[in-house]
Amino acid sequence: TGMADIVVDPGAALDVDLTAPDSGLLLMEARSTGTAPASLHAVLPVLVADAEPGAIPEVVVLIGETGPDESGKAVFVANDQTDLTLPVAVGVPLLLRCANISRHSPFLLIVDGAAAAMVVLDSQPSDAATPWPEGGAPLLPGTRCDLMLAGLPSEGGVIRLLVDDGAGPRPIGRVIATLPALPDGPVAPIMPPPNPALPTSLDLAGAVRSDVIIGEPQGPGLLTADVGATIVLRLVNRTAGPAIVHLRGQTARILHALDDGWEPYWTDTLLVMPESERLVAFMPTGVGEWRIEMTKPDSEAPPTITAFTVR
């Protein structure tokens, strides 16, 4: 069935049984319906183990903010620490399962001191390892991203982790080679296997298509599609600022502007710049009503919501 918000009244409790469709890092979010800065917002990370554990050590890194400092800049923390320290062995890669758990703040995640590559985005393996830019790449609120860090060649080597929300890079953690090298020498990074549940192709020519106009309430009834159909959405941002679009319960390909291909990864959260548009395509995961939420970065306003139906 479709994913919907679960409402829990004040003082009440509710047990929810969920079956994780895929392995990887998932986020469950609890929030109030209020819009004040003090509104409830809590994130529960859920790491669903792979069927076969990998040989590369891995660490979950949850990046959030705790409020402004004396200069008014946001204070970011990793696993509730302002200077997270992660020890590794010399020559051994490290898989960082990163997530932006802030309520509404996107930022650039910067890796300084070693080569890094994105191998998983929003819990889905990429088609190939994507080199992480030296200047960082954006993590939107709710985005999960697995980064494979190259092994450090010598003891005492350091990889710095920094975030930049537009106010300049600030350090949040370090990876330090403090453990001795393994007897068998350096370890080669390993790409995770593809998810067999995802389609290998999408019928773009026969897709059910619709426009999603950001900033305009559309309510339910955006479109109706059959199970197994391909859906293509044109996300149109006619506002003066960027917008974050989250596909609840779905994972999509970002299409090239001419429908002639797509990016080599899957995602459920993407940024649409002002006065621009983006195309996404996906095969819905099951029957029901599925939500699409649109929010503005650094805004306490509730999301604009629309929905589509799969029968």
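- Contact annotation: the side chain of D146 never approaches that of R144 to less than 4.5 Å [non-hydrogen atoms, C-beta and beyond].
- Taken together through direct or relayed side-chain contacts under 4.5 Å among Ile, Leu, Val, Met, Phe, Trp and Tyr, L94 and L84 form part of one hydrophobic cluster.
- For the pair R209 (side chain) and L204 (backbone), a donor-acceptor distance under 3.5 Å is present.
- Rounding to the nearest 0.5 Å gives a distance of 11.0 Å between CD of E293 and OG1 of T306.
- With F282 as reference, F308 is the one residue of W262, F308, W290, W266 to meet the ring pair (Phe, Tyr, Trp, His ring centres under 6.0 Å) rule.
- Residues meeting the salt bridge (Lys or Arg N to Asp or Glu O under 4.0 Å) test with D226, sequence neighbours left out: R311.
- The shortest distance between side-chain heavy atoms of V92 and L179 does not fall below 4.5 Å.
- The two residues P106 and D165 make their nearest non-hydrogen contact at O-CB, 3.9 Å.
- At least one side-chain heavy atom of I244 sits less than 4.5 Å from a side-chain heavy atom of P297.
- L25 has its side chain within reach of P45: a pair of non-hydrogen atoms, C-beta onward, lies under 4.5 Å apart.
- In this structure, NZ in K73 is found 14.5 Å from CD in E65, a value given to the nearest 0.5 Å.
- Counting only distance, with no hydrogens or angles, the side chain of R170 and the backbone of A74 share a donor-acceptor pair below 3.5 Å.
- Taking the side chain as every heavy atom from C-beta outward, V46 and M28 approach each other to under 4.5 Å.
- The structure places CG of L62 at 7.5 Å from CG of L27, a figure rounded to the nearest 0.5 Å.
- No side-chain donor-acceptor contact under 3.5 Å links N195 to the backbone of Q124.
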Practice prompt. Carefully, step by step, assess L233 and I292 under the rule side chain to side chain contact (heavy atoms under 4.5 Å, CB included).
Written response: CA-CA 11 Å; L233 300 178; I292 301 171; 3.6 Å; yes
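- With C145 as reference, L139 is the one residue of V120, T267, L139, V119 to meet the side-chain contact (heavy atoms from CB on, under 4.5 Å) rule.
- Clustering ILVMFWY residues whenever any of their side-chain heavy atoms sit less than 4.5 angstrom apart, transitively, puts V90 in a cluster other than the one holding V88.
- Taken to the nearest 0.5 Å, the CE atom of M118 stands 12.0 Å off from the SG atom of C98.
- When all heavy atoms are compared, the tightest approach of P264 to R253 is C-NH1, 3.6 Å.
- Of all heavy-atom pairs between S201 and M283, the closest is O-CE, 4.4 Å.
- Shown here is D69, whose CG atom has more than 12 heavy atoms of other residues, nucleotides or ligands within 6.0 Å.
- In this structure, the separation between CG on L140 and CG on L271 is 5.5 Å, given to the nearest 0.5 Å.
- Looking at D211 and I213, their side chains come closer than 4.5 Å, going by heavy atoms from C-beta outward.
- Here the CE atom belonging to M148 is positioned 12.5 Å from the OG1 atom belonging to T130, to the nearest 0.5 angstrom.
- Nearest heavy-atom pair, T295 versus P303, reported as atom, atom and distance to 0.1 Å: CG2-CB, 3.4 Å.
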Worksheet item: Is there a side chain to side chain contact (heavy atoms under 4.5 Å, CB included) between M294 and H246 once you walk through the steps?
Response: CA-CA 6 Å; M294 294 152 279; H246 186 79; over 6 Å; no
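- Within the 3.5 Å criterion, the main-chain N or O of T285 finds a donor-acceptor partner in the side chain of Q250.
- No continuous path of ILVMFWY side-chain contacts below 4.5 Å connects V208 to L279, so the two sit in separate hydrophobic clusters.
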Discussion item. Under the criterion side-chain hydrogen bond (donor to acceptor under 3.5 Å, both in side chains), I'd like the reasoning laid out for T143 against N100: C-alpha separation, chi angles, the key distance, then a yes or no.
Written reply: CA-CA 6 Å; T143 292; N100 181 349; over 6 Å; no
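- For the residue pair G241 and N237, the shortest heavy atom distance occurs at O-ND2, 2.9 Å.
- The aromatic rings of F76 and F107 stand perpendicular to each other, their planes meeting at an angle above 60°, with 30° marking the opposite boundary.
- The hydrophobic clustering, which links ILVMFWY residues whose side-chain heavy atoms are closer than 4.5 Å, places V59 and L109 together.
- Applying the side-chain contact (heavy atoms from CB on, under 4.5 Å) test between S123 and each of T251, V48, L26 identifies L26 as the sole match.
- Within 6.0 Å of CD in E134 there are 12 or fewer heavy atoms belonging to other residues, nucleotides or ligands.
- Using a 4.5 Å cut-off on side-chain heavy atoms (C-beta onward), I63 and V163 make contact.
- Listed by first and then second residue, the side-chain hydrogen bond (donor to acceptor under 3.5 Å, both in side chains) pairs involving residues 273-284 are R234-E277 (not counting sequence neighbours).
- For the pair R238 (side chain) and I214 (backbone), a donor-acceptor distance under 3.5 Å is absent.
- Hydrophobic clustering places L247 together with V310 (ILVMFWY residues linked when any side-chain heavy atoms are closer than 4.5 Å, directly or through intermediates).
- With hydrogens and angles ignored, the 3.5 Å screen pairs no side-chain donor or acceptor of T85 with any backbone N or O of I176.
- Nearest heavy atom pair, residue A207 against residue V232, reads CB-CG2, 3.6 Å.
- You'll find the side chain of P242 reaches within 4.5 Å of the side chain of M273, heavy atoms only.
- N79 places a side-chain N or O within 3.5 Å of a backbone atom of V60 that can act as its donor or acceptor partner.
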